[in-house]
Amino acid sequence: MSSPALKLCIPQPGQVWKPTQLAAVNPCLERMGATERVEWALQYLPPNHLLTSSFGAQSAVMLHMVTRQAPGIPVVLIDTGYLFPETYQFIDRLVERLELNLKVIRPEHSPAWLEARHGRLWENGAEGIRRYNRINKVEPMERALKELAGGTWFSGLRRSQSDTRSDISILQDHGSTVKVHPIADWSNRDVHRYLKKHDLPYHPLWDDGYVSIGDRHTSSPLGSGMSAQETRFFGLVRECGLHEADNFGSAGAGN
């Protein structure tokens, strides 16, 4: 490791990463900086490594931080077919600038087929949104993990993003995969400083008041009196399901 103070975090050779082992090393990782956590994870956590990105408001941080240490790492994008045009343009821009190894994973059926079969699920309250997310996000991600034989999954979740993420750990068990949240303890100010330092862009819709950007039909600008988490899914659902391990294994239900 680059810092002598981090030697305490070096695991035993051949370490098997079960939940208890992940919990044991998390306090050590809390004392590291984000880039050191990435370095540590790349060195000690199971192959194959992958990074997911929604190419949302502040996604350039993780895309830059991880790929400059692991050029060529698969970057998984779940393309529901309902992203904003500006998001697709942002993807093209970052793929070219950062030379990303983009892996686009799509649902089994097209948006038109989905709507013909199920209607506009996102208009059917919280349960309709959860069903939409299972079909269009969780099942494709489950498939991506299998196809890429993912052993370690880097994600840009942060504790300050929502109530449901307030206690996320740096390392998290996700079945046969270890999830890594290098910037879990970062604030919006930390994100801004990193973007500024490396001359990285926010999503184009950031300037229009969008602070959390996903599908165009369930994302809205931040309004007066709203929290960031209320700008997604009409405030009815806090998570899309991708980061809830319990949703995996039964993702195909409802297809």
Side-chain angles (χ1 to χ4, degrees), residues 15-19 22 37-38 41-56 59-83 87-88 90-96 98-114 117-118 121 130-157 168 170-182 213-215 239-255:
Q15 175 73 62
V16 177
W17 293 105
K18 296 182 179 180
L22 296 175
R37 292 166 184 159
V38 172
L42 290 170
Q43 185 169 353
Y44 295 116
L45 293 183
N48 297 312
H49 306 122
L50 61 89
L51 165 65
T52 55
S53 182
S54 65
F55 289 83
S59 291
V61 167
M62 279 292 292
L63 290 167
H64 179 268
M65 183 183 295
V66 175
T67 61
R68 72 174 183 167
Q69 293 197 52
I73 188 173
V75 176
V76 176
L77 165 70
I78 305 300
D79 178 15
T80 62
Y82 290 101
L83 302 180
T87 298
Y88 292 112
F90 191 49
I91 293 167
D92 287 340
R93 179 181 175 187
L94 289 179
V95 166
E96 180 177 2
L98 301 177
E99 299 182 337
L100 302 179
N101 178 20
L102 187 66
K103 304 293 184 184
V104 181
I105 310 296
R106 297 182 174 88
E108 182 179 356
H109 300 295
S110 68
W113 199 340
L114 173 77
R117 179 175 289 184
H118 300 294
L121 286 171
R130 292 189 185 97
R131 190 179 180 196
Y132 169 86
N133 286 335
R134 281 197 301 270
I135 296 170
N136 288 274
K137 300 180 182 182
V138 177
E139 187 281 328
M141 187 64 215
E142 188 174 48
R143 184 161 23 96
L145 289 172
K146 291 178 180 177
E147 291 176 358
L148 296 171
T152 298
W153 169 3
F154 289 91
S155 169
L157 298 190
I168 59 171
I170 305 300
L171 302 183
Q172 177 183 330
D173 177 65
H174 195 92
S176 59
T177 305
V178 178
K179 280 192 71 184
V180 188
H181 307 128
I213 304 164
D215 291 330
E239 293 286 347
C240 69
L242 280 178
H243 303 290
E244 298 169 307
D246 290 346
N247 288 333
F248 286 70
S250 59
N255 276 7

One should read off an interatomic distance between W113 CH2 and E108 CD, to the nearest 0.5 angstrom, of 7.5 Å
Given 3.5 Å as the limit, does a donor-acceptor pair link the side chain of S155 with the main chain of H181, or not? no
Of the non-hydrogen atoms in K103 and P74, which two are nearest, and what is the gap between them? CG-CB, 4.0 Å
For H109 and L114, the nearest pair of non-hydrogen atoms, with its separation, is CB-N, 4.5 Å
Rounded distance [0.5 Å steps], CG in N133 versus CE in M141: 14.5 Å
What's the spacing between L157 CG and I170 CD1 if we round to 0.5 Å? 11.0 Å
Take V180 and L171 through the side-chain contact (heavy atoms from CB on, under 4.5 Å) test and state the conclusion after the steps. CA-CA 5 Å; V180 188; L171 302 183; 4.0 Å; yes
Tell me yes or no: between the side chains of N136 and Y82, is some donor less than 3.5 Å from an acceptor? no
With rounding to the nearest 0.5 angstrom, report the NZ to OG1 distance, K179 to T52. 6.5 Å
Can you tell me which residue among L50, L45, L42 is in a side-chain contact (heavy atoms from CB on, under 4.5 Å) with T152? L45
Which is it for I135 and R117 under the side-chain contact (heavy atoms from CB on, under 4.5 Å) test, yes or no, and what are the steps along the way? CA-CA 12 Å; I135 296 170; R117 179 175 289 184; over 6 Å; no
Side-chain (W17) to main-chain (Y44) donor-acceptor, under 3.5 angstrom: yes
Shortest non-hydrogen pair, I105 vs R143, comes out as CG2-NH1, 3.8 Å
Rounded to the nearest 0.5 Å, how far apart are CD1 of I91 and CG of L77? 4.5 Å
Please check this pair: side chain of S53 against backbone of S59, looking for a donor-acceptor N/O pair closer than 3.5 Å. no
If we only count heavy atoms from C-beta on, is the W153 to V76 side-chain gap below 4.5 Å? no
Could you tell me which non-hydrogen atom of L83 sits nearest to which non-hydrogen atom of G214, and how far apart they are? CD2-O, 4.0 Å
Residue among N101, V38, L94, I73 satisfying side-chain contact (heavy atoms from CB on, under 4.5 Å) with T67: I73
Do L98 and H64 make a side-chain contact, defined as non-hydrogen atoms from C-beta onward lying under 4.5 Å apart? yes
Hey, does the side chain of N48 reach the backbone of L148 with a donor-acceptor pair shorter than 3.5 angstrom? yes
Heavy-atom nearest pair, G56 first then F90, reads O-CE2, 3.5 Å
Write out all pairs satisfying salt bridge (Lys or Arg N to Asp or Glu O under 4.0 Å) with one or both partners inside residues 61-81, taking only residues at least two apart or from two chains. D79-R106
Let me confirm one number: the OG1-NZ distance from T177 to K146, rounded to the nearest 0.5 Å. 11.0 Å
Heavy-atom distance under 4.5 Å between the side chains of E99 and P71, does that happen here? no
